[in-house]
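In what follows, a structure is listed as structure tokens, so that the remarks can point back to it.
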Amino acid sequence: MRNPDLSCSLLPLLCCPLRLDARGERTPTVLSFVVLFLFAGIRIGEAQWTPPPLLQNVPVRDDCARTNGGIGISLQPTVFEPRGAIFLCPKRTFEIDRAHPGASFFFRVHEYGHLALRTRNEALADAWAAEQLGQSASGRRTLNAVLSYFNDLGKRFAPMYGTGYDRALTVAQSGKIPLERWPQSLAEYQQRLSQKRARNGAVHLHANNQTIDGILWIDDRLVGFVSTAEDSRNPPVPNLSGSEHRLRLQDAWVSDIGPPNKPIAKGIDAAASFQGANSADGLSICLNYEAESVEISVSDR
């Protein structure tokens, strides 16, 4: 499309230097195309999100095998990858953008979020990406696209991520998308979630000297990913029936508190029994890591 702001009649010398061809007809020079290309790219370049300075040298590679069918994965810094690394799958990028144009860029920023926060917590990486992208017009367009993508996933659940609605809610809230622009189904989901939290309370994890996270099961029902991190968005307590309950924390990771959040232990499973019913105060789960194991104690708040 022609850009009226770069009309040749307005900028004859700069934008459209001409020459006569062998037939005496005027044709644009190579310089004119170069200049027009640069001017056309200014708007895009200025709006494009770039990583914070400490992450600008992180290598980003296309490798669907490394993402294991997902759109992206990040590796924390190691001896072999001192800055960490991000792997993306072009096939998944194409599939997502075909249905929701522009949405795939969110996942690139999401992977930078894992590196910036040094965490495997998917909700926190979503929130970081949404906050970053919410600061520019092009970023907000990306958020609108990925909000639609997550909302279309609806109740589809993944242990580390929650439902599509959960991710859409994180994007909408952290990206400061006005409520009137939320899909109706997402607004209704938020209302139901708020009612469940008010009725059953949330899961609250505590640990004295470490950050501990993992996948929570209660009475053999998958609750979701939980963490002791202060800003973690832990799920509400499920509906409890009876008075005797069994809790299991699967694939628990233990890390140092604060940067660089260095992992101490990985892949620990722990379980405990508790008594009680649903309460608006939720469940308080205390974790204690010692000698390669995690002990759990549970109480209502």
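Residue numbers start at 1 and run along the sequence shown.
Listed for the Asp63 side chain is a donor-acceptor partner under 3.5 Å among the backbone atoms of Ala65. Remark: side-chain polar atoms of Asp213 are not paired, donor with acceptor, to backbone N or O of Ala229 under 3.5 angstrom. In terms of modelled atom types and a separation under 3.5 Å, the side chain of Ser232 and the main chain of Thr228 share no donor-acceptor contact. Within the 3.5 Å criterion, the main-chain N or O of Ala187 finds no donor-acceptor partner in the side chain of Gln191. Side chain of Asn200 to backbone of Asn278: no donor-acceptor contact under 3.5 angstrom is found. Using a distance-only test at 3.5 Å, with no hydrogens or angles considered, a donor-acceptor pair links the side chain of Glu111 to the main chain of Ser74. A donor-acceptor pair under 3.5 Å is absent between the side-chain atoms of Arg167 and the main chain of Leu147, judged by distance alone. A distance-only check finds a donor-acceptor pair linking the side chain of Asn234 to the backbone of Ser227 [under 3.5 Å]. Under the 3.5 Å distance criterion, the side-chain polar atoms of Trp182 are matched with a main-chain donor or acceptor of Ile177.
In summary, the side chains of Ser273 and His245 do not present any donor paired with an acceptor at a separation below 3.5 Å, with no hydrogens or angles considered. Of the N and O atoms on the side chains of His204 and Ser284, not one donor lies less than 3.5 Å from an acceptor on the other residue. Side-chain contact annotation: Gln56 with Arg83, donor-acceptor N/O pair under 3.5 Å absent. Side chains of Asp126 and Ser174: no donor on one and acceptor on the other come within 3.5 Å. A donor-acceptor contact under 3.5 angstrom links the side chains of Tyr189 and Asp166, judged on distance only.
The pair Arg246-Asp220 does not meet the salt-bridge criterion, since no charged nitrogen lies less than 4.0 angstrom from a carboxylate oxygen. Note on Arg92 versus Glu95: salt bridge recorded, some NZ/NE/NH1/NH2 to OD/OE distance being below 4.0 Å. Between Arg61 and Glu81, at least one side-chain N (NZ, or NE/NH1/NH2) sits under 4.0 Å from a carboxylate O, which counts as a salt bridge.
In this structure, Phe107 has its ring center closer than 6.0 angstrom to the ring center of Phe150. Taking the centre of each ring, Trp253 and Tyr289 stay at or above the 6.0 Å mark.
Note: His114 and His110 have perpendicular aromatic rings, judged against thresholds of 30 and 60 degrees for the angle between ring planes.
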| task | Please test Tyr149 against Phe105 for ring pair (Phe, Tyr, Trp, His ring centres under 6.0 Å), starting from the C-alpha separation and ending with a verdict. | result | CA-CA 12 Å; Tyr149 171 76; Phe105 188 71; over 10 Å; no
| query | So Asn151 and Ser185, side-chain hydrogen bond (donor to acceptor under 3.5 Å, both in side chains) or not? Walk me through it. | reply | CA-CA 8 Å; Asn151 190 71; Ser185 54; 2.9 Å; yes
| Could you go step by step and tell me if Trp49 and Tyr112 meet the ring pair (Phe, Tyr, Trp, His ring centres under 6.0 Å) rule? | CA-CA 12 Å; Trp49 179 86; Tyr112 278 105; 5.5 Å; yes
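Annotation for Asp231: atom CG counts as buried by contact number, over 12 foreign heavy atoms lying within 6.0 Å. Atom CZ of Arg156 has 12 or fewer heavy atoms from other residues, nucleotides or ligands within 6.0 Å.
With sequence neighbours left out, Glu188 forms a salt bridge (Lys or Arg N to Asp or Glu O under 4.0 Å) with no residue at all.
The cluster map of Ile, Leu, Val, Met, Phe, Trp and Tyr, joined by side-chain heavy atoms under 4.5 Å apart, puts Val226 and Ile264 in the same cluster.
Contact between Leu55 and Ala116 at its shortest, heavy atoms only, is CD1-CB, 3.7 Å. Closest approach of Ile212 to Ala207, counting heavy atoms only: CD1-CB, 3.9 Å. Here the closest heavy-atom approach between residue Ala277 and residue Leu240 is recorded as C-CD1, 4.2 Å.
Looking at Leu153 and Thr163, their side chains never come closer than 4.5 Å, going by heavy atoms from C-beta outward.
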